[in-house]
4 protein chains.
Amino acid sequence: MYCEGMDSTAKRSPGRPRSTMSHQAILAAAEELLVEHGFSNVTIDGIAARAGVGKQTIYRWWPTKADVILEVTAGKAEFAVPAEDRGGYAEDLRAFLSTAFTLSGDTHTADLLRGLMVESQRRADFGDRFRTTFLEPRRHAFAAITRRAAARGDLPPGPSPDTAADIVFGTLWYRLLTARPGFNEQLVEDLVRALT
Amino acid sequence: MYCEGMDSTAKRSPGRPRSTMSHQAILAAAEELLVEHGFSNVTIDGIAARAGVGKQTIYRWWPTKADVILEVTAGKAEFAVPAEDRGGYAEDLRAFLSTAFTLSGDTHTADLLRGLMVESQRRADFGDRFRTTFLEPRRHAFAAITRRAAARGDLPPGPSPDTAADIVFGTLWYRLLTARPGFNEQLVEDLVRALT
Amino acid sequence: MYCEGMDSTAKRSPGRPRSTMSHQAILAAAEELLVEHGFSNVTIDGIAARAGVGKQTIYRWWPTKADVILEVTAGKAEFAVPAEDRGGYAEDLRAFLSTAFTLSGDTHTADLLRGLMVESQRRADFGDRFRTTFLEPRRHAFAAITRRAAARGDLPPGPSPDTAADIVFGTLWYRLLTARPGFNEQLVEDLVRALT
Amino acid sequence: MYCEGMDSTAKRSPGRPRSTMSHQAILAAAEELLVEHGFSNVTIDGIAARAGVGKQTIYRWWPTKADVILEVTAGKAEFAVPAEDRGGYAEDLRAFLSTAFTLSGDTHTADLLRGLMVESQRRADFGDRFRTTFLEPRRHAFAAITRRAAARGDLPPGPSPDTAADIVFGTLWYRLLTARPGFNEQLVEDLVRALT
DNA sequence: TGCTAAGCGAGACGGTACGTCTTGTCTTCCG
DNA sequence: CGGAAGACAAGACGTACCGTCTCGCTTAGCA
């Protein structure tokens with residue numbers, strides 16, 4: 001994240017290289033504070049103090065505290081869209097929805113996601129990064145389910161894949177943001193029916 | 001809004017009554033600043049200064065700057081859900097979606113709605129008021145469309161009315177919050193098909 | 001008849017009046033920190049914390065931390081030029097020089113004066129205030145000694161009063177700033193001779 | 001200045017020798033920045049950037065930015081005390097005072113001297129170096145005037161040579177630091193009279 | 001007419017976090 | 001090893017809002 005030369009032939013830039021220790025300490029501190037005090041109570045000063053790091057070191061590498069937390073979040077496996085084949089489009093959909101709704105029922109997770117979404121509204125530039133590194137990858141992973149269904153030949157004459165993604169993620173985020181997150185059997189079934 | 005004595009037999013409370021002029025000046029100032037600087041750059045200090053009013057006068061009547069803006073918003077007709085009967089569920093749906101998507105394509109409106117949603121995440125108490133006075137009424141208005149369809153007998157075997165509302169408003173808000181608001185023919189048609 | 005506030009005293013400005021408690025607490029905190037940590041280690045944050053006061057309250061009333069300390073200093077009697085009549089110009093001069101040199105021999109006092117002089121170099125606006133509220137009053141007090149000598153008729157044909165002030169205060173400050181403060185019999189006698 | 005091997009039989013120390021180019025570039029950069037932005041706005045980072053040099057290279061050879069500037073200053077002829085014999089103590093004194101007051105009337109020079117004096121207050125170690133390499137040599141040069149007068153036999157029964165130096169330099173610095181530098185006929189004459 | 005009660009403008013207050021700045025040290029690679 | 005580059009810990013700075021408070025003044029109904 002925010003690394004320039006990623007290829008193996010990368011010419012080292014001159015000067016002292018970025019400190020891996022500080023990098024890790026910052027992410028670790030951010031994660032701890034996230035759990036302890038919640039998204040909106042995490043501060044740059046707090047992260048710096050906890051990580052034993054100068055504030056400037058954070059500002060040098062992340063434009064915003066939300067970017068730090070986004071990097072923390074991006075490193076978590078639990079946000080991956082489940083990919084295993086359940087045998088049919090409806091089953092895949094059900095598995096995805098069930099996982100997603102359950103995950104967003106977790107207090108800490110819900111707070112984290114809400115916080116990221118809020119920040120993405122307040123800072124346009126972070127909004128771009130949030131969409132690019134978090135939202136879009138998940139849409140793509142969801143598209144894989146649709147693609148698999150098409151390959152299987154059981155893609156129903158429902159909405160287009162793009163609309164399907166909007167409906168699914170829209171419903172998830174809407175319930176998250178209106179304080180009605182969490183799993184709901186009826187809702188999952190209705191969504192599956194609407195999309196198939 | 002936030003007035004105590006609502007019943008017709010209301011005994012006048014003693015002391016100086018609330019100043020209508022200040023009330024109006026505050027709402028007007030808030031609306032101006034909203035247009036000029038955008039939701040997140042509106043401050044209580046700013047409203048007070050513009051309205052020529054003490055800050056306390058604002059805090060006395062509204063718990064939060066978002067509540068002021070919510071009252072400004074509530075006074076606008078443009079957010080009403082279209083109610084006229086188009087002859088069928090699909091047509092009603094299309095009319096509603098088209099209006100809503102077009103409205104949220106307006107920059108100022110989008111900023112306003114995003115701002116309210118953001119604030120509803122940051123202050124649980126405002127969140128409640130936002131849901132009660134803004135989101136829920138619109139869900140109810142939407143339910144009226146479904147109810148009319150049922151009365152007409154053309155309600156399709158689609159998702160339950162509640163899920164339908166989640167899908168419709170979820171998709172609207174999701175696109176608004178991910179910077180993809182505005183009308184989209186394909187999306188509207190797909191939504192109508194998914195819900196019918 | 002009952003007349004309200006018709007007295008000549010200034011008309012109260014509107015709004016909450018300045019808090020005397022905060023004012024005093026800030027000056028007291030500044031003085032304590034001055035003694036404990038020395039001029040250059042006093043910070044606005046430190047004063048605010050010690051005084052239990054918001055930083056803005058300091059910035060509202062003093063442009064610079066040096067102004068706070070200048071006000072602390074201005075309130076101290078020890079910096080007054082001794083005024084009692086010793087009977088002759090030479091004796092008055094000796095009394096003044098001896099007091100001044102002895103005073104500047106005190107570590108805390110020397111640090112304080114050096115700090116003020118340093119700050120007066122770094123911020124032109126504070127420099128003006130320092131000269132106006134500290135240096136000039138002392139020059140005037142010194143001039144009183146000369147005036148008294150003239151009245152007495154024993155003013156010698158030495159340098160003009162203004163030059164005398166430059167010589168006396170110049171020598172005092174020069175020795176203070178070159179780390180050679182404190183009383184020195186020979187120096188005092190030489191100065192007296194040069195000025196008489 | 002801060003060079004290790006000074007004696008002519010100096011064994012070359014191992015490793016890469018100090019780069020003369022960097023040395024000169026640093027002094028040149030410091031001087032330019034001094035003129036352009038004034039003493040207090042010169043920073044180590046700024047000098048390093050302008051000189052195209054690493055900060056460490058500066059810190060390796062000078063303890064403080066003030067030491068860099070002190071070396072720049074030391075290289076300037078204009079700060080030399082005029083030494084030619086004017087025929088008498090009073091004339092020598094007048095020549096010296098006139099030169100010094102005129103010099104300190106130059107804006108850049110005054111800023112430079114003030115800056116050095118300020119830094120000498122803030123860093124005790126630099127203060128020592130400032131006194132040793134700048135102030136003391138000038139006192140000695142001034143003493144030469146007194147010595148010449150003694151040799152000539154026209155040394156007046158005024159203050160001791162040491163006090164004379166304190167008075168002269170004290171007055172100069174005092175006027176410089178209180179923003180009243182520059183030549184002043186009356187002052188010069190009064191000083192000459194006081195010292196003779 | 002005077003009393004009581006609350007609203008009002010003004011603006012100071014205690015706080016919190018921000019993002020910037022400078023200092024002096026350190027860590028890398030290159031010549 | 002010296003030097004260029006630049007990251008690093010530390011911590012003060014001045015600003016921006018927040019939500020609360022304290023003034024004196026105004027505006028009402030009630031006595």
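Below, chains carry the letters A, B, ... as their sequence lines are ordered, and counting in each starts from 1.
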Return yes if some donor-acceptor pair links the side-chain N/O of D/Thr132 with the main-chain N/O of D/Asp128 below 3.5 Å, else return no.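 Here the side-chain-to-backbone pair exists.
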
Under 3.5 Å donor-acceptor, A/Thr43 side chain and A/Gly46 backbone: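 Flag set: sc A/Thr43 to bb A/Gly46 pair under 3.5 Å.
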
Please enumerate all residues that pass side chain to side chain donor-acceptor pair (under 3.5 Å) together with D/Glu36, with sequence neighbours excluded.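 Result, side chain to side chain donor-acceptor pair (under 3.5 Å) vs D/Glu36: D/Arg50.
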
With sequence neighbours left out, write down each residue that passes side chain to side chain donor-acceptor pair (under 3.5 Å) with A/Lys55, or none if nothing qualifies.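 Only A/Asp45 meet the side chain to side chain donor-acceptor pair (under 3.5 Å) criterion with A/Lys55.
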
Regarding C/Arg18 and the six-membered ring of C/Trp62, is the cationic atom NZ or CZ under 6.0 Å from the ring centre and inside 45° of its axis?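 Yes, cation above the ring, under 6.0 Å and within 45°.
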
Presence of [X] side-chain N/O under 4.0 Å of [N] phosphate oxygens OP1/OP2:
X: A/Arg60; N: E/dT20; result: no
X: D/Arg123; N: E/dG24; result: yes
X: A/Trp61; N: F/dC8; result: yes

C/Pro14 or B/Thr64: which one's nearest nucleotide on DNA chain F is closer to the 5' end?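 In this pair, the answer is B/Thr64.
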
Both A/Thr57 and C/Gln56 contact DNA chain F. Which one's nearest nucleotide lies toward the 5' end?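 In this pair, the answer is A/Thr57.
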
How many whole angstroms separate atom [atom1] of [X] from atom [atom2] of [N]?
X: B/Tyr59; N: E/dG11; atom1: OH; atom2: C1'; value: 14 Å
X: B/Arg122; N: F/dC17; atom1: CZ; atom2: P; value: 13 Å
X: B/Arg18; N: F/dT26; atom1: CZ; atom2: C1'; value: 17 Å
X: A/Ile58; N: F/dA7; atom1: CD1; atom2: P; value: 15 Å
X: B/Phe126; N: F/dC18; atom1: CZ; atom2: C1'; value: 17 Å

Can you find a donor-acceptor pair, distance only, under 3.5 Å between B/Lys55 side chain and F/dG19 base?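 Result: at least one qualifying N/O pair found.
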
Is the shortest side-chain heavy-atom distance between D/Arg122 and C/Arg122 below 4.5 Å?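 Sidechains of C/Arg122 and D/Arg122: in contact.
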
Residue met sooner reading DNA chain E from 5', once A/Lys65 and C/Thr20 are mapped to nucleotides: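 Of the two residues, C/Thr20 wins.
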
Please check if any side-chain donor atom of B/His23 sits under 3.5 Å from a side-chain acceptor atom of B/Glu71, or the reverse.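 Their side chains do contain a donor-acceptor pair, which is all the 3.5 Å distance test asks for.
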
Given E/dG7, F/dT22, F/dC17, the nucleotide with the shortest approach to the side chain of C/Arg16: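 The answer is F/dT22.
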
Of all of residues 21-54 of chain C, which get a heavy atom below 4.0 angstrom from DNA chain F, listed by number?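 Nucleic-acid contacts, sorted: C/Thr43, C/Ile44, C/Asp45.
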
